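None of these values were measured; they are calculated from a predicted model.
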Amino acid sequence: MTRKFNLRALRLIGTMIFAVTAFSSATPAQQSAKENTSPDTTTFDADGTAHLTRVIPMPSTVSPEAQKWLASLTQKSDGPETLEQRRAGTDEWRKRQSAEARRLFPVKVEETTTAGVRTDILTPLDMPEANRSLVLINLHGGGFNADSGSLIEGVPICHLAKIKIVSVYYRLAPENPFPAAVDDVVAVYKELLKTYKPQHIGIFGTSAGATLSAEVAVKIRQLALPLPGALGLFSAHPDYSRVTDSLQLYALDGFAGRLAPSDPNHPPDDAYVGKTNRKDPVLSPLFADLKGWPPSLSVTSTRDILLSDTAMFHLALLRAGTDAQLVVFEALPHAFWYHFELPETTQALEIMAKFFDEKLAH
């Protein structure tokens with residue numbers, strides 16, 4: 001697979017080649033000749049612009065299931081789509097994968113409202129008595145304009161951690177830009193504070209949901225409310241003012257798919273941001289006071305479009321002296337833990353569930 005892209009944020013322009021075929025055997029002489037004709041090149045302009053060509057074999061460092069999945073991503077069509085098309089496709093995916101989640105990780109699901117916000121209440125079929133005082137808030141992914149993760153994210157964690165989960169269907173952009181989603185989640189959090197101690201509440205999400213988890217924590221502190229007991233930031237975007245390295249290098253499916261590099265001096269328009277100052281500490285928690293934050297777990301992977309963002313925020317949390325963990329998986333793209341056929345997903349979900357079991361005060 002050959003793809004050309006313009007890496008303006010890093011002043012990088014080049015071609016990246018993703019080879020998914022296995023290496024063939026070769027004699028030393030043949031190998032030497034092959035190395036001499038390698039298409040891997042890097043040249044630089046005077047201003048630091050780099051012209052890159054890379055051949056990246058299928059990694060042997062991931063499971064056979066992950067290798068098969070990575071190969072399949074190169075066959076996906078990934079052209080421009082309208083918001084309506086995106087939402088229709090995302091809804092179809094979500095319903096199908098949510099059903100698979102419920103099959104693999106049986107839990108009780110109740111549709112309801114909490115503080116006037118639509119929610120699902122997920123309850124383990126077998127919950128230890130010690131966990132009855134605990135609750136998690138799950139915030140789905142979907143780029144703030146669609147719902148890609150409801151139940152897909154919450155059901156496995158509910159089943160594995162054996163903790164009740166409130167999954168929040170917050171308002172979406174562009175109809176409801178920032179801070180509508182934050183306000184919805186804060187309302188749910190306030191309602192839960194009536195029956196749960198703050199140290200017994202955890203908040204987590206993937207992608208937009210991870211970003212929203214951090215934004216809500218900042219808003220909770222601004223409102224002088226007690227902070228939750230733990231945060232799960234699974235591939236977060238905590239800074240809307242700049243374009244990071246991984247956002248310029250990867251598409252949502254890693255090397256595969258449509259790349260949309262951005263001008264680093266002019267971050268792309270974002271319907272969620274609207275007219276909000278991009279350095280607003282609630283919108284972009286990287287600029288917030290992070291001292292005294294709850295324990296947090298950040299999860300990402302080396303081909304994640306939000307790898308840089310997640311790592312930068314973890315570093316900011318460490319600088320603030322907080323209890324912050326970062327887990328980086330090998331060679332997998334954004335939110336790979338939505339795909340239950342991967343052994344890496346099993347490991348990631350177990351790490352997430354164990355984190356909340358350990359950090360929430362019983």
Side-chain angles (χ1 to χ4, degrees), residues 94 98 107-124 127 131-158 161 163-173 175-234 236 238 272 281-283 285 288 293-297 352 355-356 359-361:
R94 174 179 51 80
S98 293
V107 299
K108 179 183 176 182
V109 179
E110 177 189 1
E111 298 180 7
T112 185
T113 59
T114 305
V117 180
R118 180 188 166 203
T119 55
D120 284 337
I121 307 299
L122 316 181
T123 308
M127 183 163 53
N131 287 3
R132 296 188 182 278
S133 63
L134 310 179
V135 67
L136 298 173
I137 298 174
N138 172 234
L139 309 177
H140 64 76
F144 286 108
N145 62 16
D147 174 6
S148 67
S150 292
L151 301 185
I152 301 174
E153 299 175 24
V155 165
I157 301 302
C158 177
I163 298 174
K164 176 182 174 179
I165 290 182
V166 179
S167 183
V168 182
Y169 294 86
Y170 51 85
R171 286 173 289 171
L172 300 175
E175 298 88 347
N176 300 283
F178 176 89
V182 175
D183 293 341
D184 286 350
V185 181
V186 169
V188 172
Y189 183 74
K190 287 181 176 179
E191 185 66 24
L192 292 177
L193 283 176
K194 296 177 181 179
T195 51
Y196 293 90
K197 296 179 180 179
Q199 63 268 32
H200 290 179
I201 304 174
I203 305 176
F204 75 99
T206 292
S207 193
T211 305
L212 184 55
S213 296
E215 292 175 339
V216 167
V218 176
K219 187 63 177 180
I220 287 171
R221 169 170 274 178
Q222 286 187 354
L223 295 172
L225 294 169
L227 286 166
L231 295 173
L233 310 174
F234 307 146
Y272 175 67
V282 179
L283 175 69
W293 257 44
S296 68
L297 170 66
M352 296 168 183
F355 169 76
F356 287 117
K359 296 301 180 180
L360 292 184

With sequence neighbours excluded, tell me which residues meet side-chain hydrogen bond (donor to acceptor under 3.5 Å, both in side chains) with [X].
X	value
K219	none
T119	T114
E191	K194
N176	none

Are side-chain heavy atoms of [X] and [Y] found at a separation under 4.5 Å?
X	Y	answer
V155	S98	no
L193	I201	yes
L225	K190	yes

With sequence neighbours left out, what residues match [X] under side chain to side chain contact (heavy atoms under 4.5 Å, CB included)?
X	answer
A208	F144, Y170
S207	L306, H334
P177	none

Test your reading of the model: is there a side-chain donor-acceptor pair from E215 to the backbone of V182, 3.5 Å cut-off? no
Applied to residues 179-189, the side chain to side chain donor-acceptor pair (under 3.5 Å) test, sequence neighbours excluded, yields R171-D184
Salt bridge (charged side-chain N to carboxylate O under 4.0 Å, His left out) filter on E111, not counting sequence neighbours, yields none
Residues at least two apart in sequence or cross-chain that pass salt bridge (charged side-chain N to carboxylate O under 4.0 Å, His left out) with R94, listed by chain then number, are D91, D147
#### Entry: CA sep, side-chain torsions, deciding dist, call: L283, Y272, side chain to side chain contact (heavy atoms under 4.5 Å, CB included)
CA-CA 10 Å; L283 175 69; Y272 175 67; 3.8 Å; yes
Checking L231, L233, I165, L139 against F204 for side-chain contact (heavy atoms from CB on, under 4.5 Å), the one that qualifies is I165
List the steps and the verdict of side chain to side chain contact (heavy atoms under 4.5 Å, CB included) for H200 and L360.
-> CA-CA 5 Å; H200 290 179; L360 292 184; 5.9 Å; no
For [X] and [Y], work out which heavy atoms get closest and say how close.
X	Y	answer
P156	E153	CD-O, 3.5 Å
S296	F355	C-CZ, 3.6 Å
L151	S167	N-OG, 4.5 Å

Open item on the list: Evaluate V166 against N138 for side chain to side chain contact (heavy atoms under 4.5 Å, CB included), listing each step before the verdict.
Closed with: CA-CA 6 Å; V166 179; N138 172 234; over 6 Å; no
As a quick check of understanding, evaluate side chain to side chain contact (heavy atoms under 4.5 Å, CB included) for L134 and L136, giving each step before the final call. CA-CA 7 Å; L134 310 179; L136 298 173; over 6 Å; no
